[in-house]
Amino acid sequence: MKTASMYPQILALAAPIIISNISVPLLGLVDTAVVGHLSDSVYLAGVTLGATLFSFLFWGFGFLRMGTTGAVSQAAGANDYQRVVLLLRQGLVMALGIAAGLLIFQGWLVSEGLALLADDVAVVTQAKNYANIRIWSAPAVLVNYVLMGWFLAQKDSRFALKMLLLGNGINIMLDLCFVVLLGWHVEGVALASVIADYSVLVAGLLLAYRRLITLLPVTDWSLGGLDDFRVLFRVNRQLMVRTWLLLGSMAYFTAQGAAFGSDTLAANAILMQFIMMASYALDGYAHAVEALVGQAEGMKDRLLRHRIVVSGAALSGFTVITISGLYGLWGRELVGVMTDIPEVQNLALTYLPWAIGVPLLAAGSYLLDGVYIGLMRSDVMRNGMLVSFTAFLVVEQLTSQWANQGLWFAFACFMLLRSSVMAVHYCYRLYPSSLRPR
């Protein structure tokens, strides 16, 4: 099998994910735009802080999706469908248990989390208004992570397309209704997200039930023994550390930006939306590679695994160069769409080159995350993140005299190291020996 022959398989899986993922940054753009056009930047800053908090609280448990994808894809590659079904049940139990904890401790989590992110009273007040509503999405969001990973592991990326388009479509329409028409400000943005998350949950569970009865008769609802949970817990524990460090870096970036004032915080939020748009497009390839690499590992085919990685890298490279080029050509116009506050516009344009360059540095890390999730080598992801996060903090302190420019420089170094550490590990430890020059 030639390397090029992997392109159709990767594109077939990635295309629905990329299309659906476009709606994710589009939702962020709509959230930013509807609030960014209100009379005061404090509303945009409040939504930014609230969204950052929930990025940590919710995506901090994103290992539920990643761990499910890795474990289920290897089980599917080995044709062990009994385990495919068992892993879904285990994932759902873990998700609901974590969600219950978030709801029980919501008061402390919201107040302490926002206190760590900013000390501007007006901004924190708006963020708290957002957070007190958004927290009730926890059960739906975490269960949806498990469902997304379970379907993707079986090479069904159309599920992601259906669910994300449904959820983000509802969210965008409700944003416009609640904020623009009814004037509910940050509370409207939060309520729109809650309703959308539960809409997706209902639809996802119905589709999962239909898949279950085609795989195996739904007569055994046991969760297995401790041995069945052990591998999933080990992988998820390492992914949790990696994910919390990643989100910690994002929260630290936001908090440091907030120290330069609400206008700088809002400008950074706009540029971070650009970076997130690129990451969601590139994640389409990463998600496709997760499933394909996991199934190749289940079949014990290392050469096939390498072909998948090479093809995914080529597609990711072409895509990120195109995206950064578009930002360079039309970045000014995009900033103007997202806010009409002159001070925020000027600051965003000052720092725009970082939003153009960072995706180029980060592209490798997105793809290699997919590779190592498929291999269930979350230890490599965790170790790479430890190195990168430590470097981020050190570089930010060394460049603190450059103010927000130094913060962006440190963040760029963080993304570059994420890519480099995993690339070096792959080349020296996982590159097939049969392909090495002799």
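All values below were derived from every heavy atom in this structure, side-chain atoms included, with hydrogens, water molecules and symmetry-related copies excluded.
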Dump the intermediate steps for side chain to side chain contact (heavy atoms under 4.5 Å, CB included) on Asp369 and Arg242, then the final yes or no. CA-CA 11 Å; Asp369 277 349; Arg242 170 262 179 196; 2.6 Å; yes

Quick one: does [X]'s side chain have a donor or acceptor within less than 3.5 Å of a partner on [Y]'s backbone?
| X | Y | result |
| --- | --- | --- |
| Asp156 | Leu152 | no |
| Ser262 | Ala258 | no |
| Ser279 | Met276 | yes |
| Asn171 | Gly167 | no |
| Gln90 | Leu87 | no |
| Ser324 | Ile356 | yes |
| Ser73 | Ala153 | no |
| Thr68 | Gly149 | no |
| Gln295 | Gln154 | no |
| Ser157 | Ile17 | no |

Could you grab the distance from atom [atom1] of [X] to atom [atom2] of [Y], nearest 0.5 Å is fine?
| X | Y | atom1 | atom2 | value |
| --- | --- | --- | --- | --- |
| Thr399 | Phe409 | OG1 | CZ | 7.0 Å |
| Met277 | Leu282 | CE | CG | 12.0 Å |
| Gln397 | Gln401 | CD | CD | 10.5 Å |
| Ser378 | Asn236 | OG | CG | 8.0 Å |
| Leu142 | Leu102 | CG | CG | 6.0 Å |
| Asp263 | Asn268 | CG | CG | 11.0 Å |

Going through the checks in order, is the side chain to side chain contact (heavy atoms under 4.5 Å, CB included) test met by Leu245 and Leu386? CA-CA 7 Å; Leu245 286 173; Leu386 282 169; 3.4 Å; yes

Under a 3.5 Å cutoff, is there a donor and acceptor pairing between the side chains of Ser311 and Arg307?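 No, no side-chain donor-acceptor contact under 3.5 Å.
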
In terms of side-chain heavy atoms, does Ser137 have a donor or acceptor partner in Tyr198 at a distance below 3.5 Å?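 No pair is found: no donor N or O on one side chain lies under 3.5 Å from an acceptor on the other.
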
Quick check: do [X] and [Y] have side-chain heavy atoms less than 4.5 Å from each other?
| X | Y | result |
| --- | --- | --- |
| Met250 | Phe411 | yes |
| Leu246 | Arg418 | yes |
| Met381 | Ile373 | yes |
| Arg382 | Thr243 | no |
| Phe61 | Met94 | no |
| Leu88 | Leu147 | yes |
| Gln238 | Arg377 | no |
| Phe178 | Ile195 | yes |

If you compare all heavy atoms of [X] against all heavy atoms of [Y], which two are closest, and at what distance to 0.1 Å?
| X | Y | answer |
| --- | --- | --- |
| Leu166 | Ala203 | CD2-CB, 3.8 Å |
| Gly188 | Asp175 | O-OD1, 4.3 Å |
| Leu430 | Arg305 | O-NH2, 2.9 Å |
| Ile308 | Met6 | CG1-CE, 3.4 Å |
| Gly91 | Val146 | O-CG2, 3.4 Å |
| Arg332 | Leu352 | N-CD2, 4.2 Å |

For Phe260 and Leu265: C-alpha separation, side-chain torsions, deciding distance, then whether side chain to side chain contact (heavy atoms under 4.5 Å, CB included) applies. CA-CA 7 Å; Phe260 303 127; Leu265 174 61; over 6 Å; no

As a quick check of understanding, evaluate ring pair (Phe, Tyr, Trp, His ring centres under 6.0 Å) for Phe392 and Tyr252, giving each step before the final call. CA-CA 10 Å; Phe392 174 46; Tyr252 184 80; 5.8 Å; yes

side-chain hydrogen bond (donor to acceptor under 3.5 Å, both in side chains) between Tyr426 and His306: does it pass, once the steps are laid out? CA-CA 10 Å; Tyr426 181 85; His306 182 66; 2.8 Å; yes

Take Phe159 and Trp150, measure what ring pair (Phe, Tyr, Trp, His ring centres under 6.0 Å) needs, and give me the verdict at the end. CA-CA 10 Å; Phe159 177 83; Trp150 190 71; 8.6 Å; no

Any chance you could lay out the ring pair (Phe, Tyr, Trp, His ring centres under 6.0 Å) test for Trp408 and Phe414, step after step, and finish with the verdict? CA-CA 10 Å; Trp408 275 105; Phe414 167 72; over 10 Å; no

What residue among Asn144, Val143, Val141, Leu205 forms side-chain contact (heavy atoms from CB on, under 4.5 Å) with Val200?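 Option passing the side-chain contact (heavy atoms from CB on, under 4.5 Å) with Val200: Asn144.
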
Going through the distances and angles, do Arg134 and Asp197 end up as a salt bridge (charged side-chain N to carboxylate O under 4.0 Å, His left out)? CA-CA 10 Å; Arg134 186 75 172 92; Asp197 289 332; 2.8 Å; yes

Determine whether Tyr285 and Leu13 satisfy the following criterion, side chain to side chain contact (heavy atoms under 4.5 Å, CB included), listing intermediate values before the conclusion. CA-CA 8 Å; Tyr285 301 119; Leu13 278 175; over 6 Å; no

Show the numbers, then the answer: is there a salt bridge (charged side-chain N to carboxylate O under 4.0 Å, His left out) between Arg65 and Glu290? CA-CA 11 Å; Arg65 186 204 67 77; Glu290 285 177 27; 3.0 Å; yes

Would the Trp244 and Phe389 ring centres measure less than 6.0 Å apart?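 That pair fails the under 6.0 Å test.
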
